[in-house]
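This report refers to the structure that appears directly beneath it.
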Amino acid sequence: MSRVFPYRRPPADVLSTGPWLLVGEDSLHELGHEISDWDYGTTLRLRRPLRVDGLRARRSCGLGPDAELDLSVVWSSSSSGLRGLARRQGLPAADDVPVEIEFELPGDELGGRLDLRTVVTLRSAGQDTPSPISPRRPGSTLWSDEQSVLLQGDAVLFPLSVVDFSTLPYPDGATWHLELGHDLEAQALGSILLLANERRGLVTRALAAAADPTDADRRVLSTIRTDVIRSLVEQALVDDHFDPDEAHPAGSVGALLAAVLRTAFPDRTVEALRTERRHDPILFTSRVQHATQLLAGP
């Protein structure tokens, strides 16, 4: 069912939108439903051309030419739990105006599903607002659309450090170790670190080649990704007080764990997962492999 707004809104065609474009150093590609080679170190540079009828948008809402409108793009990431304002600019009171949106999103704040919401909002209704059903409150949404893209790379989604495990309080024959803080309110990006053992050349080479991996590298990266997701899921399940439905601060460890559970097991409750892990750990392990598509690539 469509949402009903308590004020006049312009018709959808006051904005003619072009496709989202992924901007590379020497390339420009239309953004599809997924970015298969994304990794944690990738900064996304996005662009979108539009053509705007700013004066018609105002008049169709019952607003005068002095009303101030904003065009904004808001992003959110399912894995990190973060969201933010990527771009905001004013819309001129003129028709058939070409507008181009361009911005960068740092890879260390992204992961999972990236949602891009383009929205026109009211900044000020101006001095002349003749209609009683014209929008008046700053921030009122007049127009919006949304596109989602899956960031599907095999590379690690968190900060990474390659170290000698003989200097750490972990088994020196381990291949990697995920450090994760226990404070659910703490910011996730400052609480998570994947440590890779520098003595395991097969792994360190795969991590170094994550932007352009060989088939062998992809198998290693897929295995790491599955183990990282398993570690996060188990961290959530062993904490009997953790509830994914609670309101955790944006970008926090709690928000990240909740997002991982929702993404990996959208049809299962946390209680069902806890029970299965406790009473049938072998099936639980297979379920994690299925959820992460372990070794599903070439």
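Values below: every heavy atom of this structure, side chains too, minus hydrogens, waters and symmetry copies.
For I282, the CD1 atom counts as loosely surrounded, since its 6.0 Å shell holds 12 or fewer non-hydrogen atoms of other residues, nucleotides or ligands.
Using a 4.5 Å heavy-atom cutoff, the side chains of L55 and P65 are in contact. Inter-residue side-chain proximity for D13 and D53 is flagged as unmet; no heavy-atom pair is nearer than 4.5 Å. Considering only heavy atoms from C-beta on, L195 comes within 4.5 Å of E179 through its side chain. Put simply, the side chain of D215 reaches to within 4.5 Å of the side chain of R219, judged on heavy atoms. Residues L69 and L142 have side chains in contact (heavy-atom distance under 4.5 Å, counting atoms from C-beta outward). The shortest side-chain heavy-atom distance between Q89 and S72 does not fall under the 4.5 Å cut-off. For the pair V23/L46, no side-chain contact is recorded, criterion being any heavy-atom separation below 4.5 Å from C-beta on.
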Applying side chain to side chain contact (heavy atoms under 4.5 Å, CB included), run through L232 and L178 and close with a yes or a no. CA-CA 9 Å; L232 294 172; L178 184 69; 4.0 Å; yes
What verdict does the side-chain hydrogen bond (donor to acceptor under 3.5 Å, both in side chains) test give for T118 and R48, after you've listed the backbone C-alpha separation in whole Å, the side-chain angles of each residue and the deciding distance to 0.1 Å? CA-CA 10 Å; T118 307; R48 191 183 199 187; 3.0 Å; yes
Audit row: D145, R117, salt bridge (charged side-chain N to carboxylate O under 4.0 Å, His left out) steps and yes/no: CA-CA 6 Å; D145 80 350; R117 184 168 185 255; over 6 Å; no
Go through R87 and E102 one step at a time and tell me if the salt bridge (charged side-chain N to carboxylate O under 4.0 Å, His left out) criterion holds. CA-CA 8 Å; R87 182 70 182 266; E102 185 166 335; over 6 Å; no
Tell me, with the steps shown, if I101 and F103 meet side chain to side chain contact (heavy atoms under 4.5 Å, CB included). CA-CA 7 Å; I101 302 170; F103 54 87; 3.7 Å; yes
If you apply the rule side chain to side chain contact (heavy atoms under 4.5 Å, CB included), what do you find for F284 with R274, and how did you get there? CA-CA 9 Å; F284 175 77; R274 284 190 175 117; over 6 Å; no
Would you sort out whether D217 and T214 count as a side-chain hydrogen bond (donor to acceptor under 3.5 Å, both in side chains), showing the intermediate values? CA-CA 5 Å; D217 293 333; T214 65; 3.1 Å; yes
Check against side chain to side chain contact (heavy atoms under 4.5 Å, CB included), L114 and S148: CA-CA 6 Å; L114 173 65; S148 298; over 6 Å; no
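Here D243 contributes atom CG and L184 contributes atom CG; the two are 10.5 Å apart, rounded to the nearest 0.5 Å. We find the CD-CH2 distance between Q147 and W20 to be 8.0 Å, quoted to the nearest 0.5 Å. Expressed to the nearest 0.5 Å, how far CZ of R230 lies from CZ of R277 amounts to 9.0 Å. Rounding to the nearest 0.5 angstrom, the gap separating the CG atom in L160 from the OG1 atom in T204 is 10.0 Å. Rounding to the nearest 0.5 Å gives a distance of 7.5 Å between CZ of R59 and CG of D95. Residue E146 holds its CD atom at 13.5 Å from CH2 of W75, rounded to the nearest 0.5 Å.
No donor-acceptor distance shorter than 3.5 angstrom exists from the side chain of R45 to the backbone of E104, with no hydrogens or angles considered. Using modelled atom types, no side-chain atom of D70 and backbone atom of R123 make a donor-acceptor pair closer than 3.5 Å. Listed for the S252 side chain is a donor-acceptor partner under 3.5 Å among the backbone atoms of P249. Listed for the D96 side chain is no donor-acceptor partner under 3.5 Å among the backbone atoms of R51. Under the 3.5 Å distance criterion, the side-chain polar atoms of T226 are left unmatched by any main-chain donor or acceptor of T223. In this structure, R47 contributes its side chain and L28 its backbone to no donor-acceptor pair below 3.5 Å. Using a distance-only test at 3.5 Å, with no hydrogens or angles considered, a donor-acceptor pair links the side chain of S134 to the main chain of C61. Side-chain atoms of D66 do not come within 3.5 Å of backbone N or O of G126 as any donor-acceptor pair. Side-chain N or O atoms of R113 include none that pairs as donor or acceptor with a backbone N or O of V149 at under 3.5 Å.
With L180 as the fixed residue, the side chain to side chain contact (heavy atoms under 4.5 Å, CB included) test singles out one of V253, V228, L194: V253.
In terms of heavy atoms, V99 sits closest to L71 at CG1-CD2, 4.0 Å. The minimum heavy-atom distance linking D172 with N197 is given by the pair O-ND2, 2.9 Å. Of all heavy-atom pairs between V270 and P244, the closest is CG1-CD, 3.9 Å. Considering all non-hydrogen atoms of both residues, R58 and P92 come closest at NH1-O, 3.2 Å. Closest heavy-atom contact between A291 and F265: CB-CE2, 4.0 Å. Here the closest non-hydrogen pair linking L63 and P135 is CD2-O, 3.6 Å.
L105 and L22 fall within a single hydrophobic cluster, where Ile, Leu, Val, Met, Phe, Trp and Tyr side chains are chained together by heavy-atom contacts under 4.5 Å. Two different hydrophobic clusters hold L283 and V238 under the rule that ILVMFWY side chains link at heavy-atom gaps under 4.5 Å. Follow the hydrophobic side-chain contacts under 4.5 Å out from L116 and you reach L50 in the same cluster. A continuous path of ILVMFWY side-chain contacts below 4.5 Å connects V260 to V288, so both sit in one hydrophobic cluster. If you chain together hydrophobic residues whose side chains sit under 4.5 Å apart, L21 and L15 never meet in one group.
Looking at residues two or more places apart in sequence or on another chain, you find no ring-ring contact (aromatic ring centres under 6.0 Å, His included) involving W176.
R199 and T175 share no side-chain donor-acceptor pair at under 3.5 Å. A donor-acceptor contact closer than 3.5 angstrom is absent between the side chains of S60 and R8.
Residues F5 and W143 place their aromatic rings such that the two centres sit no closer than 6.0 Å. A distance below 6.0 Å separates the ring centres of H248 and F242.
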